[in-house]
Amino acid sequence: MAHAETAQHTEEEYTSTGINHRKLLMWVFLSSDCLFFGSLIATYMVYRGQSLVGPYPIDIIDIPITTISTFVLLCSSFSMVRALAATIANNQKGIQIWLLITALLGAIFIGFQVYEFNLFRSEGLYIYTNLFGTTFFTLTGFHGAHVTLGIVWLLGLFFVARKGRLGPKTVLDVEIAGLYWHFVDIVWIVIFTLLYLIGGFDAGPTAVIGPAPSMVPLV
Amino acid sequence: MGPCPQERVESYSNQFNGAGKAASGKRFQPRPLILLISLVALVPLLGCAPDALQSTFGTAGPVAEKQLLLFNVLLWVMVAVFILVEGALLYSLVKFRRRPGDSLPVQVHGHTGLEITWTVIPTILILALGIWSVFTLFELKDPPATADGALEVTVTGHQWWWEFEYQDADGSGRFINTSNELIVPVGRPVNLLLNSDDVIHSFWVPKLAGKVDVVPTRNNRMWFQGDEIGTFYGQCAEFCGTAHALMKFRVHVLSELDYMNWVDNYGQAPGTTEALTSTARKGQEIFMSTGACLACHTIEGVPGAMGVLGPNLTGLANKQTFASGVMDLNRENLRQWLKNPDDVKPGNRMSEQAPVYQTADGNISLTEKEVSALIEYLLSLK
Amino acid sequence: MAAITAAIPRPTSSATGIWSWLTTVDHKRIGVLYGVSAFILFLIGGIEAGVMRLQLMTPDSNLIDPDTYNAMFTMHGTTMIFMAIMPMGAAFFNFLIPLMIGARDVAFPRLNAFSYWVFLFGAIIMHVGFLVNAVPDAGWFSYANLTGIEYSPGAGLDYWAVSLQVLGVASLAAAFNFVVTIINMRAPGMSLMRMPLFVWMTLITSILLVLAFPVITVALIELTFDRLFGTVFFVTSAGGDPILWQHLFWVFGHPEVYILILPAMGIVSEILPTFSRKPLFGYPVVVFSGIVIGIMGWAVWSHHMFTTGLGPMALSVFTITTMLIAVPTGVKIFNWMGTLWGGSIEFKTPLLWSVGFIALFIVGGLSGVSHAVSPSDYQQQDTYYIVAHLHYVLFGGSLMGLFAGVYYWFPKLTGKFLNETLGKVHFWLWFVGMNMTFFPMHFAGLNGMPRRIYTYGTEYGWDNMNLIASLGYLVLFVGALLFIVLLIQSIKNGKPAGHDPWDAPTLEWTISSPPPAYNFAEIPQVEGIDHYWIQKRKAEAEGNPITGPEAPVDPSTIHMPSPSYWPLVIAFGVAWIGGGLFIEIPWPYIKYPVCFIGGIIAFLGVIGWANEPAAAESHH
């Protein structure tokens, strides 16, 4: 979101690696965020099958609906790529449209999340209900917060584009936002796979007395 | 690696050519340092005390012994390494201190041979110690198999007292629930199943075995064996709240005969062996009604006294201590405790929850005479 | 935004006074801010230790009640680790890194300022608990489920969790900055293997911060959610497992201890060559050992959990990995000794502190090896033997290494020496005091004294050990007072030091003391690891010795980042996102709007920051 003149200044800055400072910063930040989501995902995995009361994933998780929202988010990554291409090609209209589409698709994804959360709540799953509710809502909630921040960022870029300040000289601004956006998408792929495609079939404790098979005894 | 070529280590005598004799040592005297280190080294003499009540050096059972053996070997290795390395450090400080007229020392950048040596040798030493300790770990995993098997006791940690439960104390299915003093026969492995009622505690009786944490939702196991008859002191070793420092317990290792006697006599209704005095009977009444102690405490043989919120008081008079090892069992201490437990053990649950303590100053709402009667009764619980 | 920037103009580089400090983006000033704050917090942590030693001086003491004592050991640990040692390290990173790599500032000067202000606000939030009688009291690693709302109903743990989160933001932001700075802003000719060792250690420390802090962030989120929103992460009645907290905490916690020691190791690696007049022995090996320690540090965390019932398989693995990490640590020590060996050693204060570091760290390292052996750790865990170990490595190690750095670089910062004689007295007071205080603890622990007990009976035989330890504290206390006195005296009347008082090899000594705002008039072309030694000796050989610093130039000819108030604004907003949770007057629910407003302030601050160019366009 910097002024073009200043961005020009930083673009010519000497760097030991040839990578712009801000781009390197984003990569370092993303590596940190990997550990953040990794810890939340690990918590979910450790607690799979440990909920003492329902509702359990198998009662609640709706894979078809979430597949649609996942697809929407994947499409937003595609539109982000288009936005970057438009920036490189100095296609002013293209930049605005593709940025807006990306933000819109992200918002639709959030819309699905909100709908899903409310549906779960109406079926009796709250963040405090059981381990499933606690881990599920915390993990997907923080992911949704990351997406929301990304949407705000993209909208900000959209308004900067409307002033004509995005173009081949300021590709970095779009590229860095793109890195963040793609990261958030990849994290969602992992979450979707683990919490829905795999964990979505978890049921409650079986009638057999004894610890449910899980990673808990190993840690 | 790097731009500077590796230089051969030259003989160090060269660099002091012309440097003359040692300077008049005004700048650094190693002697005070050595004196100080010796002084510090004297401190251990104050510290070695295997007779100390909870000393890890005064082992009385195979688990603690094996753990101590490992430590002792390590200790001597550590002492040897300490002397070698600190000695070399001190030596280099003295020998290579700057003297007037010193020329620039040889600009050595390193020595591959040395690097390899002081990487490989420590690695070998460390792996040897590490692998030995892994073997010890697996050796100590389970109690040895014996004819009558191990004595199984379930330990439950509470804030801030210990509960011990024997599902089968004497081989014939005798169930015993007791608190704060664990009685076991000599020479027989004891298998402990560790539970917690609230937060994480840690069961530690140093002379018998290293500690294992008592974790809610987990059933940790440990075992020990008392090879000497005697009383061994233990204490909670994981911070668990206000009175963590006062969550103590004892393990009494008795001869086989004494242990069986204890099991047989446990839980006899008060007044069975010797008749209750009239004061004691009054005390029992208070226990069951005005004091409402039965709401939290169990006394076997007394129908109605089945509370499980507090320690089981069966056979209290036979114990050495009460209030989880904090006070020796005698009249004065009992009086002090009953009058206001919070003065003895801040934060304790009894002061918090028992109706008789919900007074303005926390003092018990019973009269002196009633307290005396209670004490009489408690001391009759044999 | 335009309205705000019109109303409050951006400060110029020539601003003076408090406003210039509040808006500074100069890494040297930010380093001073960190250093002063860290020292004050160190003194506070020291008082907390004093309260404990006073209580434990005699058996069956009733001076301090258990709740207060428990708050003391909690705050002492939390303060010393997060608000004293870490920011002291940050002070050095800030002041030195750009100077050592030949740069004019860090990669993101405003982010740097932001890190400091968020740190300060975090430290303040942590201590607000004292004002409202809600001091954290569950230990510096606050094990679940004691920390749940059921067993710790007061607000103390909330202060602990929230302020640590805020402090975490500061650490992360700073770590991001230093990773980019070190990787991307080295002067031409300074390849990675020509960086001063302190820069290497800073890089590794920063990478550890980047990867480890998110883990404790998640742990704190889970704890806070349990306490505030009723989630069941650590609620045992819902199946929550308290051991999960321990795993998350120690996956962070073990790299954290390397974060605490590596900077001190880096400092010592700079000082030893200077005062031995020969290069660091085995530079590539010392670098490589640091990297190996950084990586292996991720594979040892469960040695803090040996007694939790992990099972012999897990215990064996962690025993072996923990023992193996002693190897690269030992290799470093041997290389330091190789540096001294054959040198021409001058016993100035920085050297004394560095040697003290090595001597004491060896003790701590050795006792650490005995903990690694899990069967014997069953006896040592949670006893004073562990307290002894951790203080040998953190006080004898980290703290003394950091003070070595203070004595070494004070002349560069101020142009004056710290009083050499008093400095030596300070060293000896702390060396002796430290051993008096912590050596007896080895014995107390092996004789059965657990940690975190507010009192003990005389029948256990720990009386003498505790008395000596408490007397040792007095020696440390006197040493600290002495340092304050000598610091003030040196600032006022210190002996003048030139640009290169120690005849040192690294870039920061090529410029004046104190350095000019722009650091280097000309970015140097680096010729080797010990660049300045190479330059000085070449010049001397040519008969034209270097006698002064790099010549100064007119500052207006060098384009430097301009001061800015946005970092302070955003930090303020972030502080309220956390601090808002404690506002319960006039109604309990006001906390959420307050948090939200904090978020808005931070958000607006980010927009202001983004719209502001790094350097004001004024001159030229």
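Convention: sequence-line order gives letters A, B, ...; per-chain numbering from 1.
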Heavy-atom pair of closest approach, residues C:Ser316 and B:Val134:
OG-CG1, 3.6 Å

Does this structure show an ion pair linking B:Arg218 with C:Asp241, if we count only N-O contacts that are shorter than 4.0 Å?
yes

Residues in ring-ring contact (aromatic ring centres under 6.0 Å, His included) with C:His371, at least two apart?
C:Tyr385, C:His389

Check whether C:Ala372 gets within reach of chain B through its side chain, its backbone, both or neither, counting any heavy atom under 4.5 Å.
neither

Scanning both residues in full, the closest heavy-atom pair of C:Gly445 with B:Trp204 reads O-CH2, 4.2 Å

Of the non-hydrogen atoms in B:Ser92 and C:Leu340, which two are nearest, and what is the gap between them?
OG-CB, 4.2 Å

Value for OG (C:Ser367) from CE (B:Met78), rounded to nearest 0.5 Å, stands at 7.0 Å

Please examine the side chains of C:Thr308 and B:Asp213, heavy atoms only from C-beta on, and report whether any two atoms are closer than 4.5 Å.
yes

So which bits of residues 192-199 of chain B come within less than 4.5 Å of chain C, counting non-hydrogen atoms only?
B:Asp197, B:Asp198, B:Val199

How far apart are the closest heavy atoms of B:Trp118 and C:Asn335, and which atoms are they?
CZ2-OD1, 3.7 Å

Would you say the ring centers of C:Trp341 and B:Tyr91 fall short of 6.0 Å from each other?
yes

State, to 0.1 Å, how close C:Gln379 and B:Lys211 come at their nearest heavy-atom pair, and which atoms those are.
O-NZ, 2.9 Å

Honestly, the part of B:Glu139 sitting under 4.5 Å from a heavy atom of chain C is neither

